[in-house]
Amino acid sequence: MLLQVKDLSIIYGSGAPTVQHVSFDVDAGEVLAIVGESGSGKTTVIRAIQMALPASGRVAGGQILFRNQDLYALPKEKQRAISGKDIAMIFQDAGAMLNPIHTVGRQYRDFLALHGIRDEREATARMEEMFRLVRLDPVQVAASYIHELSGGMRQRIGIAMAVTFHPALLLGDEPTSALDVTTQAAIIRELMDVRKRMGMAIVIVTHNMGVASYMADRILVMKNGAVEEYGSAEQVLRHPRAAYTKMLLDAVPKLEDTL
């Protein structure tokens with residue numbers, strides 16, 4: 001098993017747990033969708049997997065095992081080696097992570113240098129390879145500033161950077177929710193295509209059951225920091241047990257017709 005989350009509880013400050021007793025598995029190449037409304041704790045869970053909780057947050061119970069290693073029992077150097085390479089993340093607006101006063105190409109090369117690729121020719125070749133992978137024009141995008149690019153292009157840059165080192169696990173924090181429906185569908189297809197080419201697993205956070213139904217092998221439904229329902233996509237979508245899951249299925253727009 002690639003990832004095992006066991007009885008995970010997370011606390012911010014000295015308050016009550018924000019996430020309580022969450023458990024799930026993700027196998028190599030599998031897609032898990034974590035679904036729920038804002039405040040359900042779903043983003044907190046994937047930030048914990050990425051070892052990127054805010055300073056006030058801490059794992060108060062349970063384990064996160066990646067390739068049978070307890071991530072929070074590892075030394076910081078080992079955590080840093082895993083985060084960003086073996087486990088990578090795409091954010092809701094990937095472009096917001098980039099500096100508006102430098103070109104995309106310069107920042108991509110700086111990102112590669114940070115991870116040990118300092119040769120200019122090698123860095124450019126890697127960047128162009130990743131841009132082509134997500135159907136971006138390498139020359140145009142590298143020379144652009146982030147504000148000159150559309151929302152869909154910004155998210156494709158985020159995907160390219162996240163998969164640069166062929167991670168085994170890709171985390172997506174609502175990576176399509178800020179986009180219009182047509183662009184959203186294109187980015188989802190892009191993610192599934194990259195997943196197929198690289199054989200990586202994906203855990204995607206979304207409030208949209210249409211996204212979950214198209215992408216996921218398994219679905220985890222969260223409410224108020226706890227698991228409401230967990231099972232195969234077919235079981236959760238066709239035979240939901242929890243009233244909350246049924247409400248989400250009734251209320252959330254579907255993307256199947258667009259996809």
Side-chain angles (χ1 to χ4, degrees), residues 2-3 5 19 22 24-53 64 66 71 82-98 111 130 133-136 151-181 183-222 230 233 236 248 252 255 258-259:
L2 180 68
L3 177 72
V5 175
V19 168
V22 171
F24 59 86
D25 300 327
V26 180
D27 212 345
E30 186 177 33
V31 179
L32 170 74
I34 305 179
V35 184
E37 297 172 301
S38 296
S40 62
K42 55 192 189 296
T43 292
T44 295
V45 169
I46 65 166
R47 284 185 174 273
I49 296 168
Q50 181 70 2
M51 297 168 284
L53 287 170
I64 301 174
F66 178 71
L71 291 178
I82 292 172
S83 178
K85 283 195 173 183
D86 295 323
I87 302 174
M89 184 180 283
I90 307 169
F91 296 92
Q92 186 173 16
D93 181 358
M97 306 302 293
L98 296 178
F111 163 71
M130 291 300 106
L133 178 70
V134 295
R135 298 176 176 86
L136 289 172
M153 294 173 79
R154 289 156 70 108
Q155 288 308 90
R156 283 186 167 90
I157 292 166
I159 295 169
M161 294 183 79
V163 303
T164 295
F165 298 102
H166 294 212
L169 176 62
L170 181 65
L171 308 173
D173 184 10
E174 298 270 15
T176 65
S177 65
L179 306 172
D180 64 79
V181 174
T183 307
Q184 194 174 115
I187 294 300
I188 290 167
R189 286 195 298 268
E190 209 72 69
L191 280 169
M192 295 301 282
D193 183 53
V194 171
R195 169 230 184 183
K196 183 178 180 181
R197 293 196 208 184
M198 293 191 170
M200 63 189 177
I202 296 176
V203 177
I204 185 164
V205 159
T206 181
H207 62 271
N208 192 320
M209 276 292 192
V211 172
S213 65
Y214 181 78
M215 293 186 70
D217 299 299
R218 282 192 273 182
I219 296 174
L220 178 82
V221 180
M222 291 187 67
Y230 174 51
V236 173
L248 291 177
V252 178
L255 286 180
T258 310
L259 291 161

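Sequence positions, counted from 1, serve as the residue numbers for this chain.
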Considering non-hydrogen atoms only, spot the tightest contact between Ala28 and Leu2 and give its length. N-CB, 3.9 Å

Just jot down the side-chain hydrogen bond (donor to acceptor under 3.5 Å, both in side chains) partners of Arg47, sequence neighbours excluded, or say none. none

Rounded distance [0.5 Å steps], CD1 in Ile49 versus CG in Leu71: 8.5 Å

Report yes if the side chains of Ile204 and Ile34 come closer than 4.5 Å at any heavy-atom pair, otherwise no. no

Could you name each residue pair satisfying salt bridge (Lys or Arg N to Asp or Glu O under 4.0 Å) that touches residues 156-172, not counting sequence neighbours? Arg156-Glu190

Main-chain N/O of Gly36 paired with Lys42 side-chain donor or acceptor, under 3.5 Å: yes

With rounding to the nearest 0.5 Å, note down the distance linking CG in Leu136 to CD1 in Ile157. 6.0 Å

Mind checking the CG-CD spacing from Asn208 to Gln184? Nearest 0.5 Å is all I need. 6.0 Å

Testing the basics here: between Ala162 and Leu170, what is the closest heavy-atom pair and its distance to 0.1 Å? CB-CD1, 3.7 Å

Just jot down the side-chain hydrogen bond (donor to acceptor under 3.5 Å, both in side chains) partners of Asp193, sequence neighbours excluded, or say none. Arg197

State, with a plain yes or no, whether a side-chain heavy atom of Asp217 is found less than 4.5 Å away from one of Leu32. no

Which atom pair, heavy atoms only, marks the closest approach of Gln50 to Gly84? NE2-N, 3.7 Å

Would you say the side chain of Met215 lies within less than 4.5 Å of the side chain of Thr206, judging by non-hydrogen atoms? no

Working note: Met198 + Val163, criterion side-chain contact (heavy atoms from CB on, under 4.5 Å); need CA distance, chi angles, decisive distance, verdict. CA-CA 9 Å; Met198 293 191 170; Val163 303; 3.8 Å; yes

Pairing residues for Glu174 by the side-chain hydrogen bond (donor to acceptor under 3.5 Å, both in side chains) criterion, not counting sequence neighbours: His207

I'd like to know if the side chain of Arg195 and the backbone of Gly29 have a donor-acceptor N/O pair within less than 3.5 Å. yes

If we only count heavy atoms from C-beta on, is the Ile87 to Phe66 side-chain gap below 4.5 Å? yes

Do Thr176 and Ile188 have side-chain heavy atoms sitting under 4.5 Å apart? yes

Spacing of Met89 atom CE and Leu169 atom CG [to the nearest 0.5 Å]: 9.0 Å

Which residues pass the side chain to side chain contact (heavy atoms under 4.5 Å, CB included) test with Ala94, not counting sequence neighbours? Gln155

Could you walk me through whether Glu30 and Arg218 pass the side-chain contact (heavy atoms from CB on, under 4.5 Å) test, one step at a time? CA-CA 8 Å; Glu30 186 177 33; Arg218 282 192 273 182; 2.7 Å; yes

Verdict with reasoning, Val236 to Tyr230, per side-chain contact (heavy atoms from CB on, under 4.5 Å): CA-CA 7 Å; Val236 173; Tyr230 174 51; over 6 Å; no

Quick one, Val31 and Val203 - any side-chain contact, counting heavy atoms below 4.5 Å? no

Interatomic spacing from CD1 in Ile46 to CD1 in Ile64 - rounded to 0.5 Å: 11.5 Å

Under 4.5 Å between any side-chain heavy atoms of Asp25 and Leu3, yes or no? no

Distance col, row Met153:CE vs Arg135:CZ, nearest 0.5 angstrom, shows 14.0 Å

Looking at Leu179, is its backbone amide N or carbonyl O close enough to the side chain of Thr183 to form a donor-acceptor pair, meaning the two atoms are under 3.5 Å apart? no

Any side-chain heavy-atom pair of Leu248 and Glu37 under 4.5 Å: yes

Please report the closest heavy-atom contact between Ile219 and Ala212, naming both atoms and the distance. CD1-CB, 4.0 Å

Across all chains, not counting sequence neighbours, the side-chain hydrogen bond (donor to acceptor under 3.5 Å, both in side chains) partners of Asp27 are none

